[in-house]
Structures are given as C-alpha cells and as structure tokens.
Undergrad: 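Pasting in a structure now, in structure tokens, and then I'll have a few things to ask.
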Amino acid sequence: MGTKGVRAEREPAERLPVARVCVDVPLAHLDRPFDYLVPAADDEAAQPGVRVKVRFAGQQVNGFLLSRVESSDHGGKLAYLEKVVSPERVLDPEIATLARAIADRYAGNLADVLRLAVPPRHARVETQSSPAAADSEPPERPDAAASPDAAVSPHAAVSPHAASPDATASLEAASPGAVASRDVASPDAVVSQDVASPGAVVSQDVASPEAAGGPGAPADAAVPVDPDVTVSTNDAAHPAGGWDSYLAGPAYLRAVREGRPARAVWSALPGEDWPARIAEAAAATVLGGRGVVIVVADARDLDRVDRALAETLGEGRHVALNAALGPSERYRRFLAASRHQVPVVVGTRAAVWAPVPRLGLVVIWDDGDDVHAEPRAPYPHARDVLLTRARLADCAALVGGFARTGEGQLLLETGWAREIVADRAVLRRRSPAIAPTGDDFQLARDPGAVVARLPSLAWQTAKQALQAGAPVLVQVPRRGYLPSVACAECRAPARCPHCAGPLGLHGARDVPVCHWCGRAAADYSCPHCHDRRLRASVIGARRTAEELGRAFPGFPVRTSGREQVLSEVPAAPAVVVSTPGAEPLAEGGFGAVLLLDTWALLSRADLRAAEETMRRWLNAAALARPAHEGGRVVVVADGSLAPVQALIRWDPGWFAARELAERRDLGFPPAARMASVTGQAAAVAELLSLTHLPDGAELLGPVPASDEQERMLLRVTRSRAAELAHALHEAAGVRSARKAALPVRIQVDPAELF
DNA sequence: TCAATCCGTATC
DNA sequence: ATACGGATTGAC
C-alpha cells in the first residue's frame with residue numbers, strides 16, 4: 001500500500017517525541033494514558049490539550065493529548081499519532097487534572113469525564129473565529145507567563161536534563177491508582193477529622209500564598225464575622241453593594257478581590273437580588289485579575305445572572321453556556337472561554353468544566369436542585385466538581401441559596417467554609433410574615449369560592465393581597481409526580497375533605513392522601529355518588545388554576561409550569577399558579593405566597609424529602625414582599641413540623657444542621673459515603689465479589705430496581721470514601737477486561753438513594 | 001522438529 | 001475490533 005510507504009518514512013519529533021494520550025474508550029481497565037510517537041511533522045501542533053486520532057487495538061479512536069515526554073515506560077514499540085485533529089488546545093491543564101480527580105472520586109473513567117468536560121468539536125466555528133483570535137492571542141492572555149499553559153509547552157517545559165519522563169509539566173493527571181488526596185483542606189479529608197475544631201481546620205487556608213502574603217489581609221481567609229466590617233466607613237471606600245447586608249459580606253468581597261481562597265456558604269435573604277450579588281462577587285474577582293465560574297440550575301436563573309453580569313462587568317467580559325444552545329454556538333462560547341478571551345463563565349451544570357484564565361472564584365446557586373446531578377457516567381454532582389475545582393486551584397468558593405443543603409452544612413461544620421448570613425435584625429426587616437395553616441379549614445363565605453375551598457387563612461391572605469393591588473403566588477405540586485385519584489363511579493375528582501386539595505395514592509399505600517395538606521383520607525367516599533372506590537386520574541396545575549380562579553373571581557389567573565415558564569409578572573393583582581421551580585418574579589414582590597406543595601414532605605421514602613420541601617418553600621417564599629410592605633406567606637401544613645418551623649423563622653441553617661445530625665445518626669450521606677451498584681443480579685454479584693472493600697464497609701440490599709435489575713448499596717465512612725471508589729473502579733476494570741457481557745452501573749453518591 | 005491453528009489477553 | 005504470544009496439535 002502507498003500509505004504504508006509513507007508511514008515508514010515518518011520520524012519522531014526531535015524533542016519530547018512521546019505523547020501521552022487519553023484514548024476515548026469507555027473501558028475501566030484501559031483508564032490510563034497510552035504513549036505514542038509524535039511525527040516530526042506534527043511537532044508544532046501536538047501540544048498538550050489537543051484532540052488527536054490514534055490507532056488503538058487496530059481501530060482509529062479519538063483521544064486527548066495529555067502531555068509530551070522524553071521517553072516511554074512502555075516495553076513494546078510505540079505507534080505514531082495518526083493525526084492531530086486540530087491545534088486547538090481544548091483540554092485546559094486545570095480541567096485535565098480536575099477531570100482525573102472527579103473520575104477517581106466517582107469510580108469512573110477519565111475518558112467518560114472528558115466527554116462531559118469538553119464539548120464536541122465544530123470545525124467551522126474553530127476556523128471562523130481562529131484567525132482573529134490567533135492574531136490577538138498573546139495580548140489576550142495577559143497571564144501567559146503565569147498560566148499553566150506556559151508550562152505545558154513542551155519546549156519551554158523540559159530541560160534536557162529532566163531525569164524522569166514525567167518531569168514534564170503537563171496535563172498529566174494523577175494516575176487512577178492514586179487513592180486519597182492527602183490534602184487536608186479537601187472537603188473529604190477534613191471530614192475525617194471531625195474532632196478538629198473549625199478554627200484549626202480553617203487555619204489551613206492561611207497556607208495559601210495570597211493569604212500569607214498580604215500584611216493587611218486577615219489571617220482567616222474564610223472571613224470571620226467582623227463587626228467593624230458591616231458598620232464601618234470601609235463600605236464607602238470599597239462599596240459592597242447588597243453584600244453589606246450580610247455580616248461577612250464585605251469582607252468576603254474584599255477577600256475575592258485580593259485573590260484569597262475564601263470559601264463560604266451563603267444563605268440569601270428573602271427577596272434578595274441574588275444574581276446581582278453573584279455578579280458583584282464575580283466583578284470583585286475580575287478586578288483582582290482572576291477568573292470566575294458560576295453554575296446555576298436552569299435557563300431562567302442563567303438568564304438572570306447573564307443579565308446581571310452584563311450590567312456589572314460590561315459587555316464581552318463573560319459568556320453564558322446554556323444546555324439548550326446548538327452545537328456550533330455552544331462550541332463558539334466554549335472556545336471564547338478556552339482561549340481566555342473572557343474572565344467569567346456562567347452556565348448550567350456542564351459549565352463547571354469551563355476553562356477560565358487564573359480561576360479565582362467558583363459559585364454555585366441553589367445547590368439542592370436535583371438538576372445539578374449529572375445523569376451521564378460517572379454521574380458527578382456540579383457542586384462536587386466545583387468544590388473539587390476550588391480545592392485544586394486553591395481559589396475561593398461560594399455556595400449560595402435561599403435554602404441550605406446537608407452538604408452545605410457539612411462544609412460549615414467541618415470548617416471548610418464559613419457562613420455568610422444576615423444579622424437577625426436585617427432578616428426581620430426583609431422577611432415576609434409567614435404563618436402555617438392546617439387546622440382552620442372552613443368554607444369561604446364568598447360564593448365564588450365554593451368549588452376550590454382553601455384554608456380560610458390562605459384564602460383571606462390572598463384576597464387581601466389582591467385587593468391591595470398585589471400579585472399572589474400559589475405553589476402547587478407538579479403534575480405527574482403523583483397520580484391523583486377520582487371516583488370510580490362518577491369520575492368526580494377525589495377531593496380532600498379538609499382542604500379540597502387533590503387526593504393521591506402514595507406508592508404501596510392504598511389510603512389516599514391529600515397533595516396539599518397531607519392529610520390521609522382513610523374513609524373517603526364520593527360526595528356526589530357516595531361510592532367508595534377510586535380510580536387513578538391526573539390533575540395538573542392548569543385544572544388547579546381554573547379552580548383557584550373561581551375562588552378569586554374578577555382577578556386574572558396565570559399559570560407557570562414546566563412547559564410554559566413565566567419569567568416575570570407586573571405589580572398588579574393576579575393569581576399566579578406555579579409548580580415548584582417555575583415561579584416567576586413579581587415586580588416589587590408578591591403580596592402573598594400560598595404554599596400548597598406539601599407532597600414531598602410526606603413521601604418518607606425519599607431521604608431528601610424534607611430538605612427538598614424546605615428548598616421549594618424558601619425559594620417561593622423569597623419572592624414575597626417584606627412584611628412591612630404587606631408581604632405574607634401561608635404554608636398549608638402542620639406548624640409543628642420542622643420544615644414549617646424553619647420556614648416561619650426563616651432559618652435554613654437550623655434546619656440543615658438538624659437534617660445533617662439526623663443523617664449522621666442514620667449513617668446517610670453526606671455524613672457517610674454511599675455507592676450503588678445496579679444491574680442484573682449475577683452481574684452485581686460478580687462485581688461485588690471482585691471488589692476489595694475497605695475496612696468497615698457495609699453492604700445494604702439488594703433492593704429491586706427497574707426491570708430485572710437489582711441494586712446493592714455500599715456504605716463507608718467519609719475517610720474511606722476514596723478507597724471505596726478506587727476498589728469499585730478496580731473491580732469494574734477486571735470485569736471489562738474479561739469482556740463481561742452484562743453491564744453494571746456504579747454510582748458514587750447516587751442522586752436517588754431509595 | 002516444525003508449521004498450522006487455537007485461545008487468551010492486551011490494546012502504546 | 002485486531003494483533004500478538006504462547007500453547008496445542010498433527011505431519012514428517
């Protein structure tokens with residue numbers, strides 16, 4: 001063949017002739033770099049971070065060039081790189097290291113993680129924006145000397161005397177075999193030292209060069225509560241905007257501007273313009289010459305932060321990575337970040353992987369939202385990726401929300417992060433008046449309200465707000481989450497005898513339960529035909545909206561749900577019926593918020609039920625006006641329940657501490673580390689038999705999963721988490737080497753436990 | 001004693 | 001998927 005002749009004439013590059021490549025093969029036993037010779041002709045293009053094509057096991061496969069080294073440990077003879085797909089260095093060294101760490105943490109393959117981290121190439125986009133970018137690239141990278149990129153240039157990096165092939169600074173990440181990080185400041189490692197006082201652990205922060213360097217810098221990088229900060233005239237010199245409403249807010253902004261690795265869990269005040277706060281934190285970081293990555297849950301939140309950033313930073317200083325973008329626009333924006341043309345990236349889940357120059361701050365908003373969990377292998381959680389990234393880059397981190405997750409609480413209790421909260425007095429000024437209602441069910445006197453009876457407090461509160469000219473938000477459960485039921489005889493929807501909410505059937509229980517107030521209706525009989533039999537039906541938000549509309553005659557009713565999300569409503573009287581997460585903003589805030597979504601609270605099967613309820617309530621209640629402007633919240637639930645108590649006092653910290661304590665008692669995440677193994681029984685058994693479980697590991701299960709599948713849970717202490725992941729990955733490697741036919745799914749920290 | 005064939009394993 | 005090494009087999 002002609003090609004063979006050409007190949008025979010190829011010569012290896014003169015310097016650093018060996019390329020270490022991560023091949024795109026999803027097999028656990030091949031999760032390590034493979035060495036190839038760099039043809040002299042590709043010497044220039046074959047830089048760390050580029051996509052390559054190589055011949056692997058007789059096939060052409062894609063891969064990423066991780067590093068260039070002097071020689072290979074491989075005994076056999078090396079093949080040449082087949083080709084450098086493009087000289088574009090799409091895998092940033094920081095991201096390569098991060099990806100390896102995340103693969104290890106989640107018992108997954110580097111190749112799988114890289115598929116999540118680097119978007120598919122779009123050649124046209126690359127060449128379209130390339131000439132200009134190439135021309136302006138050196139000036140566009142003011143950090144070139146300090147950036148890791150400089151170090152990964154094979155020519156710059158390696159002295160001829162470099163003894164070990166791996167002496168090259170490169171994208172090369174730790175080997176998969178490297179078990180636990182020894183970094184005491186890591187979230188995981190810290191947890192193993194439960195006895196250590198927060199102060200002792202936080203003092204690790206001081207080891208960062210920035211924190212140690214500045215004489216004016218407070219010793220504690222995580223920013224302690226400092227009374228002077230909130231009151232003093234410093235605010236004038238360094239305007240903190242809305243951050244001065246929080247005790248440690250201005251100090252936190254100062255820390256990020258000075259490049260200190262301040263890490264905080266932020267409990268936003270009700271009514272907070274949180275996108276503006278995040279934009280201010282980003283701006284402070286950029287002012288200090290560092291980059292920022294911001295992750296939010298959905299397109300609407302993204303839109304808000306996008307606009308806030310444009311306002312605060314000016315145009316062209318950030319890009320928004322939206323999951324809904326087409327491949328070319330997605331790649332275009334990724335390239336803008338990758339080429340260090342913008343210092344700030346905001347986006348949904350996948351944006352955790354966005355390269356930015358000199359990362360100084362990572363932000364995640366509403367980390368309890370389940371969309372932050374990646375559904376593709378190895379199922380990493382955005383919060384986890386970001387915090388790992390902050391640890392590796394030794395940069396600042398901000399975990400913000402109206403609610404606080406168990407994980408956020410753990411960061412505080414281990415001293416890894418500090419709290420950013422408002423003073424009680426400030427909180428009181430900003431909060432709506434919040435009251436539960438459970439017992440006070442009456443028929444509203446208003447004849448129009450006969451169809452959909454609400455608890456009278458809820459009805460009166462809404463009515464008053466409407467009459468005062470304000471919009472009212474009604475949060476109802478999402479359709480399809482739970483089947484509703486209707487009378488088997490006359491098909492009339494089965495209604496709660498107390499509050500007229502829709503009755504539903506929970507799992508195995510055959511006692512219908514109200515979706516709104518949670519009461520069981522054990523002896524239900526149809527009010528129309530008195531039949532006692534029920535059949536499944538579906539009642540959605542729209543139907544609820546119609547009925548609520550009749551309860552408030554003369555006022556417009558609007559709905560916001562999954563399919564059609566309202567983003568904002570004017571400051572005019574209207575009833576807005578919304579499912580959780582789809583609540584629009586109201587200009588000036590809602591006059592009243594009614595919380596009828598209590599089903600999650602009742603489903604005891606879900607470990608996170610109470611936390612999730614709390615989160616939905618706080619997110620909706622945060623949209624109400626403060627009490628002194630008439631803002632009121634009514635939650636239709638028993639006032640003695642912990643989430644209701646926490647809501648009334650607006651104390652997400654108290655609730656999260658309580659949740660975490662409970663999970664510690666029960667040995668549940670995040671207090672313990674769990675993993676699940678799912679597949680056909682024989683495959684699960686095989687994998688477990690191959691797993692060298694860490695000391696003290698517990699096996700729970702099997703629990704049946706969907707069709708023919710079963711699921712085993714493994715539990716270890718957090719100090720053994722890395723060992724467990726390593727053991728599972730090794731076992732998966734043995735199976736894949738054997739070409740095991742039946743697949744098993746390994747999930748570390750699975751999003752759904754039961 | 002050597003070539004043809006089979007099987008398991010690594011994949012650079 | 002394919003390529004290779006080592007073991008196995010069968011003919012001389």
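So that the names make sense, note that chain A is the first sequence line, chain B the second, and so on, each numbered from 1. Only a predicted model underlies this, so the values are computations on that prediction, with no experimental measurement involved.
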Undergrad: Name all residues meeting the side chain to side chain donor-acceptor pair (under 3.5 Å) criterion together with Gln59(A); count only those two or more places apart in sequence or in a different chain, and write none if there are none.
TA: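 Side chain to side chain donor-acceptor pair (under 3.5 Å) check on Gln59(A) returns nothing, list empty.
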Undergrad: Would you mind reading off the distance between Arg10(A) atom CZ and dC12(B) atom C1', rounded to a whole angstrom?
TA: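 Interatomic distance, CZ of Arg10(A) to C1' of dC12(B): 14 Å.
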Undergrad: Rounded to the nearest Å, what distance is computed from the CD atom of residue Gln59(A) to the P atom of nucleotide dC12(B)?
TA: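 From Gln59(A) CD to dC12(B) P: 11 Å.
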Undergrad: Are Asp369(A) and Arg383(A) within salt-bridge range, i.e. N to O under 4.0 Å?
TA: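 Here Asp369(A) does not pair with Arg383(A) in a salt bridge, since their nearest N and O are not under 4.0 Å apart.
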Undergrad: Taking only nitrogen or oxygen atoms into account, show me every contact under 3.5 Å that the protein makes with nucleotides 9-11 of chain B, one pair per line with its distance.
TA:
from	atom 1	to	atom 2	distance (Å)
dA10(B)	N6	Lys739(A)	NZ	3.4
dT11(B)	OP2	Arg32(A)	NH2	3.0

Undergrad: Less than 4.0 angstrom from a charged side-chain N to a carboxylate O is my criterion; do Arg711(A) and Glu752(A) meet it?
TA: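 Glu752(A) and Arg711(A): not salt-bridged.
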Undergrad: Please indicate whether Arg317(A) has more than 12 foreign heavy atoms, meaning atoms of other residues, nucleotides or ligands, lying under 6.0 Å from its CZ.
TA: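 No, because the 6.0 Å sphere around CZ of Arg317(A) holds 12 heavy atoms or fewer from other groups.
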Undergrad: For the pair Val744(A) and Leu742(A), evaluate side chain to side chain contact (heavy atoms under 4.5 Å, CB included) and give the outcome as yes or no after the intermediate values.
TA: CA-CA 7 Å; Val744(A) 288; Leu742(A) 300 171; over 6 Å; no
